[in-house]
Amino acid sequence: MSAPGAADRTEARRPTELTLVKAINAGLRAALERDRTVLVMGEDVGRLGGVFRVTDGLQKDFGEDRVVDTPLAESGLIGTAIGLALRGYRPICEIQFDGFVYPAFDQIVSQLAKMPYRSRGALRLPVVIRIPYGGGIGAVEHHSESPEAYFAHTAGLRVVTCATPEDGYWMVQQAVESDDPVVVLEPKRRYWESAPVDVTAAPVPLHRARVVRSGRLVTIVCYGPTVRTALDAAAAAGAEGIGVEVVDLRSLSPLDVATVEESVRRTGRLVVVHEAPVFLGLGAELAARVTERCFHDLEAPVLRVGGFHLPYPPARMEDAYLPDLDRVLDAVDRVLAF
Amino acid sequence: MSESSRDRRGVLAEEASFRGEPVQLLTPDGRRRSHPDVVVGMDDGEILAAYRDMVLVRRFDEEATALQRQGELGLWVSSLGQEATQVATARALRSQDVVFPTYREHGIAWCRGIDPVAVLGPFRGISHGGWDPREHGVHLYTLVIGAQTLHATGYAMGVQRDGAVGTGDPTRDTAVLAYFGDGASSEGDVSEALGHAAVFNAPVVFVCQNNQWAISVPAERQSRVPLHRRSQGFGFPGLRVDGNDLLAVHAVTTAALDRARAGDGPTLIEAFTYRMAAHTTSDDPTRYRSEAEVEQWRGRDPVARVERYLVDRGLADEDSLAAVRAEGDALAERIRRECTALPDPDPETMFEHVYRDPHPLVAEERSWFAAYRASFLDDEVGG
């Protein structure tokens, strides 16, 4: 596997500082280099390099047959990717924005997710669907949504989300190696944040949650764009002597309940944070599972911090809509006060 | 049918004639017709073999309908009246070609060696598929209307990437055949498939079996222009063929498949046919169409016309026709015996093949379910 960027030999072992965009780009490049059946397809992914430039330069290096500018048709994109996968290819599809995935809903939920099952395992569909998701970038309508629960709810799909450039680099490669369809959700408001990416260390398994900060009193489970928010909240609480543990869920289907459970048994308190509406969201599932498994260890009810039950609001109100540091700390205070 | 809808159908016919009559090489009374652009590609032996296929598929379909009436199947979707299109298109394929059917293509399944009993599985409720698509080059039936046309197009894009078009090697060049119906022509997926196939010049042939009815809605409610003309807007050829004419469908499909394999891109074939039976065994067509219309189409029966042709040419006689019918009865008897003997699957197998890689949630629920079931067995043993 080649290191991202043009690091010289002396620097090859040192983790490179990359934005999430560049890290995913490097991951895609590595996947394309490793396996000639890997394709990148989507709207504007070729010449333009994607509206977020995640696929920048790939068409130039791998050609139009492997980095495919598709017609503007999301169902067509996923439907043809299914056909390509049936022929032995491993397509990585880019949905341009979260709110544009719904025209492809049948192809994802009824065709892609169910076809291996319908064929009793005769068919495999190693299709990756990348979706930039979430708000916080001042966008117009349909460009700020968090559709993860729909896909996590669907048997046959795997759903993961990265919070860091390093995860962005590895997850897309791990996803394309899976023989199951994988939805990779990319937190678009974190696209331009930089962090070290170690391309030599063994990656964390795709479906493993990770404790990203230790603490004694409260567990915060979060994923994607809210990991940074939760870490900031944990730092603020820590300054006041309140130890907050932060778990980056990373995989939304399957859920690594064991890692969450292990943390909650120690802290006795759980706050789940996500941008998606809390009603029937991942937080509801985690609350139920944690309650079933850790009932006697819990000091307080599981609380959820997330979006409200309304369409994503116009951008000038999104700061009030999105769970921020204060809303997370408010929930931390409430579980401690219970 | 109301007067106004009959008028609309008249307009459609007029537009069709403006584009030329549907391609026909065998008239309803079994006479050969010549066509300036299309020549018969089947010899007498192939016509006899295709006739046998059509008779057996029809007998299979009849038996499946009976099995549904007797409670052995939950539902059946009859292919009655569409045998010529299905058998002719399937017989135009080469072994490396791949088919993406909708859910009424029992004739395709038959011609590609899929056991009819396997086709019954989903209708008996024991599977969602029934066969290995890779083994037969026939994808599983797709019930969400039109979705499979995109899979076919994507598959054809893969064929292109494999370099399996335009090489001139008849064992390598590959075409993909996508079936859909007049109702499906209104689905967005079908338009997207036609668009993708066109811009990528994919080696796919679209066969629209226009059987005139999408359950209760007539074809003129799906389109103001003849369906074969859809392809023009996407930039590739389309034509209408008499879908009840074995020879014509075979000829135009052969040409379209050759074109696709040569790398010259997609073709849309509108096979003008008729769904002689109900949409499914749950449907009541007397609520929306007239017996007179059905009777008119009965006069264009695809099997009868080949039979007349064969008898007139001295290729078949009463004895040989009776022998084929007897073969059909024997097939039906076997299908009935094997279908009714199909065991219900062990419920625990419903947890299989949801994912290929291990999935802890499915594993957890499966083991819970197994233990839960076992607890009843323990009670029975203990009690």
Side-chain angles (χ1 to χ4, degrees), chain A residues 36-37 39 41 65-66 68-89 91 103-104 106-107 110-127 155-158 177-182 206-207 253-258 289, chain B residues 98 100 122 127-135 139-144 146-162 164 174 176 178 187-189 191-200 202 204 345 349-350 352-364:
Chain A
R36 59 161 289 280
T37 67
L39 309 173
M41 0 181 355
D65 276 353
R66 295 193 63 201
V68 187
D69 270 326
T70 64
L72 205 168
E74 289 78 13
S75 188
L77 166 61
I78 304 301
T80 53
I82 290 170
L84 280 155
L86 292 173
R87 182 71 188 183
Y89 288 86
D106 171 68
Q107 287 293 344
S110 286
Q111 308 301 322
L112 180 62
K114 294 178 174 64
M115 208 175 278
Y117 187 73
R118 302 182 65 225
S119 74
R120 294 205 50 76
L123 303 176
R124 56 177 191 163
L125 285 173
V127 175
L157 300 177
R158 295 172 180 273
E177 281 171 10
S178 170
D179 278 341
D180 295 316
V182 184
L206 186 59
H207 296 296
S253 176
L255 280 173
D256 179 3
V257 182
R289 289 192 180 263
Chain B
V98 175
F100 287 79
S127 76
H128 286 331
W131 62 87
D132 184 339
R134 298 164 307 175
E135 195 182 318
H139 196 72
L140 300 178
Y141 283 175
T142 296
L143 274 60
V144 179
Q148 75 283 355
T149 57
L150 282 168
H151 309 155
T153 303
Y155 192 94
M157 290 163 64
V159 167
Q160 282 177 310
R161 280 161 178 73
D162 291 344
T174 301
V176 181
E187 289 280 2
D189 274 4
S191 285
E192 293 188 24
L194 298 177
H196 279 69
V199 299
F200 292 115
V204 56
T349 63
M350 71 182 162
E352 294 172 354
H353 307 297
V354 185
Y355 296 89
R356 289 182 73 95
D357 298 338
H359 194 285
L361 179 60
V362 177
E364 178 189 321

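Quick note on labels: first sequence line is chain A, next is B, and so on, each numbered from 1.
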S.K.: Can you tell which part of E364(B) gets under 4.5 Å to a heavy atom of chain A, answering side chain, backbone, both or neither?
M.R.: side chain

S.K.: What part of A164(B) gets closer than 4.5 Å to chain A, counting heavy atoms only: side chain, backbone, both or neither?
M.R.: side chain

S.K.: Which atoms of A147(B) come close to chain A, meaning under 4.5 Å heavy atom to heavy atom: side chain ones, backbone ones, both, or neither?
M.R.: both

S.K.: How many angstroms lie between CG in D357(B) and CZ in R158(A), if you round to the nearest 0.5 Å?
M.R.: 5.0 Å

S.K.: Which region of D179(A), side chain (C-beta onward) or backbone (N, CA, C, O), has a non-hydrogen atom less than 4.5 Å from a non-hydrogen atom of chain B, or is it both or neither?
M.R.: both

S.K.: Could you check which of A202(B), P358(B), A156(B) has the highest count of heavy-atom pairs closer than 4.5 Å to chain A?
M.R.: P358(B)

S.K.: If you look at every heavy atom in L84(A) and G154(B), which pair is closest and at what distance?
M.R.: CG-O, 3.3 Å

S.K.: Which distance, rounded to the nearest 0.5 Å, do you find between the CG of D189(B) and the OG1 of T80(A)?
M.R.: 10.5 Å

S.K.: Hey, could you give me the CD1/CZ distance between I82(A) and F100(B), rounded to the nearest 0.5 Å?
M.R.: 10.0 Å

S.K.: Quick one: does R120(A)'s side chain have a donor or acceptor within less than 3.5 Å of a partner on G129(B)'s backbone?
M.R.: no

S.K.: Can you tell me which portion of V68(A) sits under 4.5 Å from chain B's heavy atoms? Options are side chain, backbone, both or neither.
M.R.: side chain

S.K.: Show your working on side-chain hydrogen bond (donor to acceptor under 3.5 Å, both in side chains) between D65(A) and Q160(B) and close with a plain yes or no.
M.R.: CA-CA 9 Å; D65(A) 276 353; Q160(B) 282 177 310; over 6 Å; no

S.K.: Any heavy-atom pair between the side chains of L39(A) and R161(B) that's under 4.5 Å?
M.R.: yes

S.K.: Counting heavy-atom pairs under 4.5 Å with chain A, which one of V144(B), T142(B), D162(B), V159(B) comes out on top?
M.R.: D162(B)

S.K.: At a 4.5 Å cut-off on heavy atoms, which part of A81(A) comes close to chain B: side chain, backbone, both, or neither?
M.R.: neither

S.K.: Hey, does H359(B) have a side-chain heavy atom less than 4.5 Å from the side chain of S253(A)?
M.R.: yes

S.K.: Y117(A): what forms a side-chain contact (heavy atoms from CB on, under 4.5 Å) with it, not counting sequence neighbours?
M.R.: H128(B), M350(B), V354(B)

S.K.: Any side-chain heavy-atom pair from M115(A) and L140(B) closer than 4.5 angstrom?
M.R.: no

S.K.: So what's closer than 4.5 Å to chain B heavy atoms on L157(A): side chain, backbone, both or neither?
M.R.: backbone

S.K.: Chain A heavy atoms under 4.5 Å from S191(B): which part of the residue, side chain, backbone, both or neither?
M.R.: neither

S.K.: Please classify the contact between L77(A) and chain B as side chain, backbone, both or neither, with a heavy-atom cut-off of under 4.5 Å.
M.R.: backbone

S.K.: How close do P71(A) and V199(B) get, heavy atom to heavy atom, and via which atoms?
M.R.: CG-CG2, 3.8 Å

S.K.: Less than 4.5 Å apart, any side-chain heavy atom of H151(B) and any of Q107(A)?
M.R.: yes

S.K.: Hey, which of S110(A), A258(A), G156(A) has the most heavy atom pairs under 4.5 Å with chain B?
M.R.: G156(A)

S.K.: Run L123(A) and R134(B) through side chain to side chain contact (heavy atoms under 4.5 Å, CB included) and show every step you take.
M.R.: CA-CA 8 Å; L123(A) 303 176; R134(B) 298 164 307 175; 4.2 Å; yes

S.K.: Can you confirm whether H353(B) sits close enough to P116(A) that some side-chain heavy atom of one is under 4.5 Å from a side-chain heavy atom of the other?
M.R.: no

